[in-house]
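Just so you know, residue 1 is the first one in the sequence shown, and it goes up from there. Counting convention: from 1, in listed order, for ligands and their atoms alike. All figures in this text were calculated on a predicted structure; none of them were measured in a lab. Computed over heavy atoms, backbone and side chain alike; hydrogens, waters and symmetry mates excluded.
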Amino acid sequence: MNRSIDATHDPNLRSWVESANQKDTDFPIQNLPFGVFRRRGNAEPSRIGVAIGDQILDLTRCREAGLLQELSQELQQACTAPSLNPLMAMGSEASSALRRRLSELLRTDGETPPPEEGILIPMPEAELLLPATIGDYTDFYASIFHATNIGKLFRPDNPLFPNYKYVPIAYHGRASSIVPSSTPVKHPKGQRKRPEEATPSFGSCQLLDYELEVGFFVGAGNELGQPVAIANAEEHIFGLCLVNDWSARDIQAWEYQPLGPFLSKSFTTTISPWVVTLEALAPFRCSAFQRAEGDPLPLPYLSSPQDTSLGGIDLTLEVLLRSQQMRDAGMQPFRLSLGSFQQMYWTIAQMLTHHTSNGCNLRPGDLLASGTVSNVQEGSQGCLLEITQRGTSPVGLPTGEVRAFLADGDEVILRGYCEKEGYARVGFGECWGLVLPTD
Ligand code: MN
């Protein structure tokens, strides 16, 4: 299931797009993530592009120029669709064939071919949109460190529920309010009740938080009634992005029992615009999280030797914050946490397999997210609720400001990248959001 390492991962590959050859770029020729864009100020339909250095390769123009001719008609058509859904639906073999062709098109052996007219768009000239039409969105809770830290705040003696080590826990999120990076986030209102209050009131959320998560898009779907076996699960995953699951903690605390989060999460969810394929991540696969001595093994339907040995992804994740005051002073964003996706209790294959295990059908473009990514180490907690211990130990910013939770004017920036000796760095770009005041 894990895609293999091939010529497209060769660290010696160079592109004729010069910016793609810089060491610190997120988008070298070995990455080739897919997104959907529109030229700024242009009313044309959205189109599919591939990030390369600081440019976007326009797949519609590539097809018009005859550069995709060796691919099947169906695949060429999928490349010129207004969203990634048709390409996702074609499954992993089609996206592999396209990746190989794009790698050939973009590589240079020393001579720089003149690029076809209009085939590249500088990123600042493009508006990046949602990569897919997302039919359904499910958010998991796959970090045991996050689940334990949160559990401790509410139930110090018994932080984890007894199902946690058996069931990949999730709730069904709202797809309609998923927005691409750079979309401002309006501070939500809702019903909340402080413990010292006798009755709830309706008003602006007082405890606004972010959640650092990794999302993965479903590629080929499964039929209703046909579960996906763990051995095939990754064949149904197109690629990954970063997710900020903005959360209104006061609304959440009051509403979550007994059916889980609802309006505390559904006001906005931000995703990074580039979908990094599982193929691009092949060099960075690692073993699944090693369970502690005494923990139960996953039930057989959630276990395979391949997933145990290579089901993890060594993806480094960062959260940064910049307040209005920091912005006014020209300061750089301040890092709140640094961690890795490697320490998740459940793998992406286990999450997908569990989701379909009752026969539930997943469709191309559906988004599954990991839940907040926290590691065991200090400084790696993926939301303010954990970092500030529910607001009791606020974080200091370089301006002298403090944050227990987010304030209006705060920018939250998520970054993700994979680095490994002998391979080109593969980055995810940014998932960026600015909190705007309630009307
Ligand atoms: Mn979440």
Side-chain angles (χ1 to χ4, degrees), residues 134 136-154 159-161 163-164 167-181 183 185 188 190 205 207-217 240-257 259-272 315 317-319 321 336-337 339-341 343-348 350-352 354-355 366-375 380-388 390 405-406 412-414 416 428 431-433 435:
I134 302 169
D136 276 295
Y137 160 50
T138 302
D139 195 19
F140 282 85
Y141 197 51
S143 162
I144 195 169
F145 303 112
H146 171 68
T148 305
N149 290 339
I150 296 300
K152 270 184 195 157
L153 293 174
F154 298 94
L160 279 188
F161 285 115
N163 58 3
Y164 190 84
V167 185
I169 301 291
Y171 69 94
H172 194 160
R174 183 78 198 163
S176 65
S177 52
I178 299 176
V179 299
S181 180
T183 310
V185 179
C205 159
L207 311 179
L208 185 62
D209 203 354
Y210 61 84
E211 287 187 343
L212 164 69
E213 305 196 14
V214 172
F216 49 108
F217 279 98
L240 280 65
C241 66
L242 305 174
V243 176
N244 184 342
D245 179 23
W246 303 92
S247 298
R249 299 302 186 192
D250 42 359
I251 300 172
Q252 185 178 0
W254 174 233
E255 75 172 4
Y256 90 104
Q257 284 168 321
L259 288 185
F262 178 36
L263 302 182
S264 53
K265 303 283 192 167
S266 61
F267 56 96
T268 304
T269 303
T270 307
I271 65 172
S272 59
L315 162 62
L317 297 163
E318 291 181 29
V319 182
L321 186 143
L336 292 175
S337 70
S340 168
F341 194 55
Q343 291 186 19
M344 302 304 275
Y345 203 75
W346 299 103
T347 65
I348 54 173
Q350 286 172 321
M351 290 185 246
L352 186 133
H354 181 68
H355 203 314
D366 282 359
L367 182 67
L368 277 57
S370 62
T372 307
V373 183
S374 295
N375 293 176
S380 67
Q381 283 65 42
C383 64
L384 284 173
L385 182 63
E386 275 174 78
I387 295 174
T388 69
R390 214 174 172 180
F405 288 93
L406 295 173
V412 177
I413 303 153
L414 312 184
F428 279 64
C431 179
W432 185 96
V435 179

Undergrad: Using side-chain heavy atoms (C-beta onward) and a distance below 4.5 Å, is E318 in contact with L414?
TA: no
Undergrad: Out of the N/O/S atoms in E213, what is the name of the one closest to the Mn ion (ligand 1)?
TA: OE2
Undergrad: With a 4.5 Å heavy-atom cut-off, do Q252 and F262 have their side chains touching?
TA: no
Undergrad: Restricting to N/O/S, name the atom of D245 that gets closest to the Mn ion (ligand 1).
TA: OD2
Undergrad: Between W246 and E211, is there a side-chain heavy-atom distance shorter than 4.5 Å?
TA: no
Undergrad: Would you say that I178 contacts I271 through its side chain, given a criterion of any heavy-atom pair below 4.5 Å between the two side chains?
TA: yes
Undergrad: Give, rounded to 10 degrees, the angle between OE1 (E211) and OD2 (D139) as seen from the Mn ion (ligand 1).
TA: 160°
